[in-house]
Asks: 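Would you mind keeping the following structure in view while I ask a few things?
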Amino acid sequence: MPPPRTRGKALRQQLAELRGPSSPTLGSARAGRSPSPRSLDARALAALASNPGCDRRALLDGAGVDKAALAVALGAPSTFGQSQFAFMRGNAFEARVKADGGAELLRLVHTELDPGAEPPESALVPDLSAVGPEGRAARTALALREATEARGWALLDHPLLALDVAGSPAFLEPDAVVVHPDGGWTVVEIKSFPMLDGSADPAKVGAAARQSAVYVLALEAVAARLDPVPVVHHRVLLVCPRDFTNLPTASPVDIRKQRAVTRRQLARLTRIEEIAAALPEGTCFAPGLPREELTAAVESVPATYAPDCLAACELAFYCRGRSRAEGAVTSCGRSLRAELGGLTTVDEVLAAAHGTAGDPDDPTVAALRRAAQLRAEALAGREGAPCR
């Protein structure tokens with residue numbers, strides 16, 4: 001048996017080959033150069049952790065493939081993403097929160113999370129600039145250590161944290177990390193959606209909590225390399241506009257549940273090397289390839305579609321079409337898929353319900369047949385009822 005293709009070849013080089021050449025015309029003189037990888041952010045990692053069984057997303061995100069361009073090339077463009085207006089509004093609000101050396105932000109952290117500490121009249125705001133993501137991550141780790149040893153308030157504006165995901169490093173950039181006088185670390189997430197009467201949209205708060213959980217996991221990896229190990233607080237601070245103004249307000253969010261779920265889901269992700277080793281020779285996801293060839297490449301990697309993907313993945317429309325064409329029950333939702341046991345397609349479910357297939361002793365099959373019987377009786381009663 002020949003050795004796996006990943007042996008003897010750097011993973012980074014292989015992932016670059018999966019991204020394909022950078023030139024629009026594959027046969028051009030630049031065909032040997034690969035485009036820069038799309039970096040994984042916390043939002044993508046939170047979505048990936050919520051669907052750990054999708055090898056397709058794990059590989060494409062790990063390789064840094066531009067999934068939006070890939071979806072367009074496949075003929076299934078997605079509207080997933082943030083509008084330019086929302087992006088500009090968020091940046092303007094974040095700049096206001098961090099103005100004057102982050103005085104307002106530190107005041108909110110002190111008031112909401114650490115009122116017993118000395119007021120943050122002055123704080124350290126270290127320069128985190130460095131060359132490349134590895135350099136910035138190293139500079140962030142050094143700044144965190146120095147701020148912890150100083151035993152005072154410190155504000156790290158857009159630090160860069162590294163987290164190993166399925167054997168590949170992901171560089172994450174939280175809005176801010178605050179170091180408390182006691183040496184504890186807190187993640188701060190700044191969002192542009194409003195808090196009305198002290199509460200915000202639960203769905204948006206939940207998404208922010210899942211995103212913050214990824215930052216906390218990355219921060220814990222940095223803390224684990226220090227002696228003594230600093231405390232990474234499980235309560236993050238969510239900063240939003242108050243009511244319909246542009247004034248900032250804040251609320252602590254306990255992310256222990258999201259952190260535990262994200263850690264468990266990320267640990268379940270198949271290592272990217274294993275997925276890449278199973279690919280056919282010459283597989284490439286360059287959007288400039290012919291659609292037939294590109295479709296074959298995408299279909300060579302198993303996917304697990306669920307309706308939740310529509311709000312989290314650029315390939316959701318493509319995968320939904322394939323899932324519906326195959327009659328997969330996952331297109332109806334994960335909860336339904338979990339209740340149907342070994343019945344994985346709509347045809348199997350209908351056959352079991354109509355009594356043409358399935359083991360009658362199977363509780364799932366028995367429940368389906370009972371439901372079909374009740375439905376038939378209800379329809380028969382409606383047809384026989386007099387009109388009023």
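Position 1 is the first residue of the sequence, and the numbers go up from there.
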Asks: Report yes or no: do L289 and L60 belong to one cluster of Ile/Leu/Val/Met/Phe/Trp/Tyr joined by side chain heavy-atom distances under 4.5 Å?
Replies: yes
Asks: Are any side-chain N or O atoms of D100 and backbone N or O atoms of A103, one a donor and one an acceptor, separated by less than 3.5 Å?
Replies: no
Asks: For residues 105-113, dump all side-chain donor-acceptor pairs below 3.5 Å to protein atoms at least two apart in sequence or in another chain.
Replies:
residue: R107; atom: NE; partner: E104; partner atom: OE1; Å: 3.1
residue: R107; atom: NE; partner: E104; partner atom: OE2; Å: 3.4
residue: R107; atom: NH2; partner: E104; partner atom: OE2; Å: 2.6
residue: H110; atom: NE2; partner: A117; partner atom: O; Å: 2.9
residue: T111; atom: OG1; partner: R107; partner atom: O; Å: 2.9

Asks: Using side-chain hydrogen bond (donor to acceptor under 3.5 Å, both in side chains), reason through D243 and T245 one step at a time and then give a plain yes or no.
Replies: CA-CA 6 Å; D243 298 327; T245 70; over 6 Å; no
Asks: Could you give the distance from CD (E293) to SG (C284), rounded to the nearest 0.5 Å?
Replies: 7.5 Å
Asks: Is there a side-chain contact (heavy atoms from CB on, under 4.5 Å) between R145 and R225 once you walk through the steps?
Replies: CA-CA 10 Å; R145 186 182 68 183; R225 296 194 293 268; over 6 Å; no
Asks: Given side chains that start at C-beta, do those of F285 and L59 come closer than 4.5 Å, heavy atoms only?
Replies: yes
Asks: Between R370 and R375, is there a side-chain heavy-atom distance shorter than 4.5 Å?
Replies: no
Asks: Within the 4.5 Å heavy-atom criterion, are F171 and L163 side-chain neighbours or not?
Replies: no
Asks: Please list, chain by chain and in numerical order, all residues satisfying side-chain hydrogen bond (donor to acceptor under 3.5 Å, both in side chains) with R320, sequence neighbours excluded.
Replies: none
Asks: Using salt bridge (Lys or Arg N to Asp or Glu O under 4.0 Å) as the criterion, list what pairs up with R139, not counting sequence neighbours.
Replies: none
Asks: Considering all heavy atoms of both residues, which atom of L45 and which atom of A170 are nearest to each other, and what is their separation?
Replies: CD1-CB, 4.1 Å
Asks: Show the atom names and distances, to 0.1 Å, of all donor-acceptor pairs under 3.5 Å that link a side chain in residues 302-309 to residues at least two apart or in another chain.
Replies:
residue: T304; atom: OG1; partner: G53; partner atom: O; Å: 3.0
residue: D308; atom: OD2; partner: R334; partner atom: NH1; Å: 2.9

Asks: Roughly how far, to the nearest 0.5 Å, is CG of L156 from CG of L144?
Replies: 5.0 Å
Asks: Would a single hydrophobic cluster contain both V187 and L155, if residues Ile, Leu, Val, Met, Phe, Trp and Tyr are joined by side-chain heavy-atom contacts under 4.5 Å?
Replies: no
Asks: Find out if a path of hydrophobic residues (ILVMFWY) with successive side-chain heavy-atom gaps under 4.5 Å connects V205 to V214.
Replies: yes
Asks: State, with a plain yes or no, whether a side-chain heavy atom of Q373 is found less than 4.5 Å away from one of E377.
Replies: yes
Asks: Has the side chain of R56 got a donor or acceptor atom that lies under 3.5 Å from a matching backbone atom of V298?
Replies: yes
Asks: Quick one, H158 with E94, criterion side-chain contact (heavy atoms from CB on, under 4.5 Å). Give me CA distance, side-chain angles, the key distance, then yes/no.
Replies: CA-CA 11 Å; H158 284 289; E94 182 177 339; 2.5 Å; yes
Asks: Can you name the residues that form a ring pair (Phe, Tyr, Trp, His ring centres under 6.0 Å) with H233, not counting sequence neighbours?
Replies: H180
Asks: Please name the pair of heavy atoms, one in D114 and one in P181, separated by the smallest distance, quoted to 0.1 Å.
Replies: OD2-CD, 4.3 Å
Asks: Over all heavy atoms of both residues, which pair between A209 and Q258 is shortest? Give the atoms and the distance, please.
Replies: CB-NE2, 3.7 Å
Asks: Look at the side-chain heavy atoms of Ile, Leu, Val, Met, Phe, Trp and Tyr, link any pair under 4.5 Å apart, and say whether L74 and V65 land in one connected group.
Replies: yes
Asks: So, taking the atom named CZ in R322 and the one named CG in L315, what distance separates them when rounded to the nearest 0.5 Å?
Replies: 12.0 Å
Asks: May I ask you to check whether D347 and T345 show a side-chain donor-acceptor distance below 3.5 Å?
Replies: no
Asks: Please report the shortest heavy-atom distance between L161 and A218, naming the atom on each side.
Replies: CB-CB, 3.8 Å
Asks: As a quick check of understanding, evaluate side-chain contact (heavy atoms from CB on, under 4.5 Å) for M195 and L238, giving each step before the final call.
Replies: CA-CA 10 Å; M195 284 191 184; L238 178 62; 4.1 Å; yes
Asks: Is E189 paired with K191 through a side-chain N to carboxylate O contact shorter than 4.0 Å?
Replies: yes
Asks: For the OG atom of S192 and the CG atom of N246, what is their distance to the nearest 0.5 Å?
Replies: 9.5 Å
Asks: With no hydrogens and no angle check, is any side-chain donor or acceptor of T283 less than 3.5 Å from a backbone partner on L279?
Replies: no
Asks: If I take atom CZ from residue R259 and atom OG1 from residue T262, how far apart are they, to the nearest 0.5 angstrom?
Replies: 10.0 Å
Asks: Please report the shortest heavy-atom distance between D201 and A203, naming the atom on each side.
Replies: OD1-N, 3.0 Å
Asks: Any donor and acceptor pair, going by atom type alone, linking the side chain of K98 with main-chain N or O of D175 inside 3.5 Å?
Replies: yes
Asks: Any side-chain to backbone donor/acceptor pair from W153 onto E118? Under 3.5 Å, distance only.
Replies: yes
Asks: Is it the case that the side chain of T140 and the backbone of L160 share a donor-acceptor pair, with hydrogens and angles ignored and the cut-off at 3.5 Å?
Replies: yes
Asks: Is there a salt bridge (Lys or Arg N to Asp or Glu O under 4.0 Å) between R19 and D66? Walk through the geometry before answering.
Replies: CA-CA 8 Å; R19 291 194 300 272; D66 187 346; over 6 Å; no
Asks: Taking the side chain as every heavy atom from C-beta outward, state whether L217 and R263 have any pair of such atoms under 4.5 Å apart.
Replies: yes
Asks: Does V239 form a side-chain contact (heavy atoms from CB on, under 4.5 Å) with T249? I'd like the steps, not just the answer.
Replies: CA-CA 6 Å; V239 181; T249 186; over 6 Å; no
Asks: Could you tell me if the side chain of L70 sits less than 4.5 Å from the side chain of Y318, heavy atoms only?
Replies: no
Asks: Report yes if some heavy atom in the side chain of R369 is under 4.5 Å from a heavy atom in the side chain of P360; otherwise report no.
Replies: yes
Asks: Between A154 and A147, which heavy-atom pair has the shortest distance, and what is it?
Replies: CB-CB, 3.6 Å
Asks: With a 4.0 Å cut-off on N to O distance, would you call R57 and E314 a salt bridge?
Replies: no
Asks: If you group Ile, Leu, Val, Met, Phe, Trp and Tyr by side-chain heavy-atom gaps below 4.5 Å, do V216 and V261 land in one group?
Replies: no
Asks: What I'd like to find out is whether the side chain of W185 reaches to under 4.5 Å of the side chain of V231, using heavy atoms alone.
Replies: no
Asks: Applying side-chain contact (heavy atoms from CB on, under 4.5 Å), can you list everything that pairs with T364, at least two apart in sequence or on another chain?
Replies: L340, L343, D362, L368
Asks: Look up atom CG in L247 and atom SG in C240, then write down how far apart they are to the nearest 0.5 Å.
Replies: 13.0 Å
